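Notes to accompany the following structure.
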Amino acid sequence: MSENYNHATIENKWQRKWEADKLYQAKIDPQRKKLYFLTMLPYTSGDLHFGHWYPMAPSDARARYLRMCGYNVMFPIGFDAFGLPGENAAIQRGIHPKKWTYANIKNMRRQLRSMGAMWDWSREAISSDPEYYRWTQWFFEKLYEHGLAYRKKAPVDWCPQCNTTLAREQVWGEDRHCERCKTPVIKKDLEQWFFRITNYADELLDFSTIDWPEKVMTMQTNWIKRSEGASVIFKTEQGDPMEVFTTRPDTLWGATFMVLAPEHPLVAKVTTTDRKVEVEAYVSEAVRKTEIEREAVDKEKTGIFTGGYAINPVNHERIPIWIADYVVMTYGTGAIMGVPAHDQRDFEFARKYGLEVRVVIQPEDIPPLDGVTMPNAVPAYGTMVNSGPLTGTPGDQAFQAAVKFIEEKGIGEFAVNYRLRDWLISRQRYWGAPIPMINCEVCGWKPVPEDQLPVELPEDVEWKPTGESPLKLHPTWKYTTCPECGGAAERETDTMDTFMCSSWYHLRYLSPQYAEGPFDPKEYDYWMPVDVYTGGVEHANMHLIYTRFFHKACRDMGIVKGPEPMLQLRNQGVILGEDGEKMSKSRGNVVAPDLLVDQYGADALRTHLMFAFRWSDGGPWNDENIQGVVRWLNRIWALFTDSSTLLPSAQKKASLGVLCDLRRKVHQTLKQVSHDFENFEFNTIISGLMELLNEMYVARESGAVGTPEWQEAQDIYLRMLAPVAPHIAEELWTERLRKPYSVHTQPWPKVDKEAVAEEQVTLVIQVNGKVRDRITVSVNIREDEAKAVALASETVQRFIQGKQPRNVVYVPGRLVNIVVE
RNA sequence: GCCGAAGUGGCGGAACAGGCAGACGCGCACGACUCAAAAUCGUGUUCCCUUUGGGAGUGUGGGUUCGAUUCCCACCUUCGGCACCA
């Protein structure tokens, strides 16, 4: 008789033993091939739910699989602990952010450990520890020394709810809301610290050395958005240069007006006295609009004439300068040339305000264009017309010819423009790594000397958000002396964007206790780069772009090596609440991990997460479906612990055929499971193991127990089970089958190709493509034999009705298709 | 508007590379065990036609092919990203 499977006892027991035996500690071993398997580190919000297991449990299974395949696998874990969400949660509860964060870490550690993953906890790193952010600050200073960090006054995005500036990447959606709190952002003119990520725009577009999902590469490419064109200098009538960027230099002769963004510095200067009042009214209205009525998506173009004129440098024509809010200051130069005949936005604007529409491009395949009557702009390339010396240039040469022309005349040049902006990292909040800079009235901004790092975050601070940096309000903290002249000076009171901390955490995992640098070079040389990286796709344009930039910048500074930090990336989907919505406390659809672990056990939850969804898709949580894997694990337990399965069956002797079928199924499953692990197809790993178990039950009934084939089946089954359900596999392996501890250090079994091969196959017999019969034949059947067998089938004869087959298609091992009529 | 991904039973999802659609599981129905229930085990479960046996069927409409969930074209829907980007 079999006893019951008690997940609580077993899981607890093995987790302790593995921990005590340091089974998962990763050590440098030059003899073995290393594999750095990284999962995006969890954020220490208090909002823990079961969705957090979803990226991790299948990743752990795959890391375990690779370890059994012979790799020396490092699978580290840590916590992203600084930042707005933690601070906001702390404020809500009236608890100090530090206290709140570290209490969360303690709880999360316990919860994560209950998963039974092979994390090497000795490598744990926490980004809010002074020993960690000491190096975050050190990296900032390196970037500063190399001119990659700079301070600039600029209009920046400000979240009025979070009371801080945000990076462009953290502003989402049509209404431009804060990525965290969803509040629409406003613009503020502030002096802030930036990283020169735009220096790396071109290199960030190169994905040739990494295996990343198409989706992420597309998102990053679109985010960076490189466009080729020309920079052309127009001049105002007063002689001020007015640079524009255009992707269509071939349409320069069609420019009939200029448009400046309302915030453009030349607006005041070009505006004539009689237009001043109206223009100022328009500008302040535009500013008001961008700040308050963000959601009013009024695509109707508005604008106003400044009274000023510019000179088109290609034909010296005098054209009016307008301002309009469809031109934005944050892209290009904030000024454009209006070519209404060939740009739809300019067209709409020109028609609305009665500006000339002049055709300068005539595509070959359409009737001659007429600026007065055309209903829309025609943006296609075509022969240049009305374009002075370039008239007649064919469409495929127009771009180059126009660039050559402006370069020769010295009025412009070929130019590349990017949508990517420099990374704004200043945050006017408390819970972050202080920016290690000192401002001296005499010497200017100076980095804190390296031996004084870290610049520690004081704990006695009024950390409630006021819009001012909390560190500024501290009575003494900011006062210091200048590292250069020794005179009185003040510290930077802003803290760093937490994405700075997470840009290099994979390096701290290498040697979290190392004090001579951010990481131990010995560890770096062995483990880096990260071989496999798993996590959510929502970071495509934030963390994943920052960390690539960070790596490339550090490479240029001689700190790290190689072109990329993470070679292979795979994204999981999202686990939703039972209502199909994103899990959140406010919706009340959060599934708590602790309760589930108590009820079902870690093995059941791990396997359920692998089985119930396509990993890359995710989906809504469902309390009922989990019964499937619970029953499966119970059936495994029953089969492996039932004493009658341990002894050769007295009554029945299995036939050779049964044993051969069993071996075949075992090795076919092994082949499939290995393939699926390689490809992150976790759901079919579980279904394959379920099928094999069903097959083993059948074999047991047929008397297979006790045979070498049965023992092999049991052995391979537990090895395959080990990565997905590590506890039950260990218990059955070590305690029941009495095999050498631990199943997790066993090698992955080898597929016996001969055992996999079928001797007989079922040929599908089709008539005109429809299945009419199935016939079991030997694998080695010849084509003419197979066709003869098919034609001999009674069912087939009935459908053919005596007609001569026009064609007989034979696909070896699969089917015969008889085509009649 | 632009770019990308995806549409398969009541549900989650299988189908390697154009060859048996619906593996595996949930749910449901019936049966066994039980005084009974739960658990467990067994059988069935795409839809339609009264059945033996047929017919239809992978978002919709076309196409290529002996054969299409799979390839091509057009369209619809859903989701994600970007968006007055010059």
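Everything numeric in this text was worked out from a predicted model, so none of it was measured. Basis for what follows: all heavy atoms, side chains included, without hydrogens, waters or symmetry-related copies.
The residue A:R614 sits close only to the backbone: its heavy atoms come under 4.0 Å of sugar-phosphate atoms, none of a base. Nucleic acid contact for A:V809: base, since at least one base atom lies under 4.0 Å from a heavy atom of the residue. A:V327 comes within 4.0 angstrom of a base, heavy atoms only. Backbone-only contact: A:V819 has heavy atoms under 4.0 Å from sugar-phosphate atoms and none from a base. Counting non-hydrogen atoms under 4.0 angstrom, A:Q766 reaches a base of the nucleic acid. Counting non-hydrogen atoms under 4.0 angstrom, A:S227 reaches the backbone sugars and phosphates but no base.
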Without placing hydrogens or testing angles, list every side-chain donor-acceptor pair under 3.5 Å for residues 805-817 of chain A, not counting sequence neighbours.
unit_1 : atom_1 : unit_2 : atom_2 : d
A:R806 : NE     : A:E821 : O      : 2.5
A:N817 : OD1    : A:G769 : N      : 3.0

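Distance CD1 (A:I575) to P (B:G12): 13 Å, rounded to an integer number of Å. Distance CH2 (A:W172) to P (B:C82): 8 Å, rounded to an integer number of Å. Note: CG (A:L633) to P (B:U40) measures 13 Å, nearest angstrom. Distance CG (A:N634) to P (B:U40): 7 Å, rounded to an integer number of Å. Protein atom CZ of A:F682 is 17 Å distant from nucleotide atom C1' of B:A14, rounded to whole Å. Remark: P of B:G19 and CG of A:L763 are 15 Å apart, rounded to the nearest angstrom. One atom, CD of A:Q668, and another, P of B:C16, lie 15 Å apart when rounded to the nearest Å. Summarising the geometry, the separation between NE2 on A:H675 and P on B:A14 is reported as 13 Å, rounded to the nearest angstrom.
Taking A:D784 as the reference, A:R782 meet the salt bridge (charged side-chain N to carboxylate O under 4.0 Å, His left out) condition, with sequence neighbours excluded. Checked against salt bridge (charged side-chain N to carboxylate O under 4.0 Å, His left out), A:D157 has the following partners two or more places apart in sequence or in another chain: A:R176, A:K187. Residues forming a side chain to side chain contact (heavy atoms under 4.5 Å, CB included) with A:E243 (at least two apart in sequence, or on another chain): A:S231, A:I233, A:T333. Applying the side chain to side chain contact (heavy atoms under 4.5 Å, CB included) test to A:T221 and every residue at least two apart in sequence or in another chain returns A:L205, A:F207. By the salt bridge (charged side-chain N to carboxylate O under 4.0 Å, His left out) test, A:R226 pairs with A:D202, A:E228, sequence neighbours left out. Residues satisfying the side chain to side chain contact (heavy atoms under 4.5 Å, CB included) test with A:R631, not counting sequence neighbours, are A:Q627.
Side-chain N/O atoms of A:R419 and base N/O atoms of B:C85 include no donor-acceptor pair closer than 3.5 Å. Side-chain to base pairing of A:K225 with B:C85: no donor and acceptor N or O lie closer than 3.5 Å to each other.
Rounded to whole Å, the P atom of B:G10 lies 32 Å from the corresponding atom of B:U64. On the C1' atoms, B:A56 is 23 Å away from B:C11, given to the nearest whole Å. Straight-line distance between the P atoms of B:C71 and B:A38: roughly 46 Å, to the nearest whole Å. Remark: the separation of the C1' atoms in B:G42 and B:U51 is 26 Å, to the nearest Å. Separating the P atom of B:U46 from that of B:G61 is a span of 23 Å, rounded to the nearest Å. When the C1' atom is used for both B:U58 and B:U52, the distance is 29 Å, rounded to whole Å. Separating the C1' atom of B:G62 from that of B:A68 is a span of 14 Å, rounded to the nearest Å. Nucleotides B:U69 and B:G59 are separated by 12 Å at their C1' atoms, to the nearest Å.
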Worksheet item: Yes or no on salt bridge (Lys or Arg N to Asp or Glu O under 4.0 Å) for A:E783 and A:K787, after CA distance, side-chain angles and deciding distance?
Response: CA-CA 6 Å; A:E783 178 165 353; A:K787 286 180 177 176; 3.0 Å; yes

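Of the candidate nucleotides B:G67, B:G81, B:C85, B:G67 has the atom lying nearest to any side-chain atom of A:N817. Taking every side-chain heavy atom of A:Y331 into account, B:C85 is the closest of B:C26, B:C85, B:G12. Checked against B:G81, B:A86, B:C82, the side chain of A:T246 finds its nearest nucleotide in B:A86.
For the ring-ring contact (aromatic ring centres under 6.0 Å, His included) with A:H608, the lone residue among A:W621, A:F682, A:W632, A:F50 that qualifies is A:W621.
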Check nucleotides 23-25 of chain B against the protein and report each pair of N or O atoms closer than 3.5 Å, with its distance, or say if there are none.
unit_1 : atom_1 : unit_2 : atom_2 : d
B:A23  : O2'    : A:E691 : OE2    : 3.1
B:G25  : OP1    : A:N694 : ND2    : 3.3

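No side-chain donor from either of A:N622 and A:E578 sits under 3.5 Å from a side-chain acceptor of the other. In this model, a donor atom of one side chain and an acceptor atom of the other lie less than 3.5 Å apart for A:W223 and A:E169. Using a 3.5 Å distance cut-off with no hydrogens or angles, the side chains of A:N694 and A:R635 do pair a donor with an acceptor.
Annotated as anti: B:G7, whose glycosidic dihedral deviates from 0 by more than 90°.
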Item to complete: At under 4.0 Å between heavy atoms, which parts of nucleotides 52-59 of chain B does protein reach? Answer with one letter per nucleotide, 5' to 3': B base, S sugar-phosphate only, - none.
Response: -SSSS---

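In terms of position on RNA chain B, the residue among A:E681 and A:R806 whose nearest nucleotide sits closer to the 5' end is A:E681. Comparing A:Y418 and A:A612 against RNA chain B, the residue whose closest nucleotide sits nearer the 5' end is A:A612.
Applying the side chain to side chain donor-acceptor pair (under 3.5 Å) test to every pair with at least one member in residues 676-689 of chain A, sequence neighbours left out, gives these pairs: A:Y65-A:E678, A:Q672-A:D676, A:H675-A:N679, A:D676-A:T684. Counting only residues at least two apart or on different chains, the salt bridge (Lys or Arg N to Asp or Glu O under 4.0 Å) pairs with a member in residues 685-695 of chain A are A:K665-A:E691.
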Worksheet item: Given pairs defined as Watson-Crick or G-U wobble with both distances under 3.5 Å, what dot-bracket annotation applies to RNA chain B, with ( ) intrastrand, [ ] crossing, | other strand and . unpaired?
Response: (((((((..(((......[....)))((((((.......))))))((((...))))..(((((..]....))))))))))))....

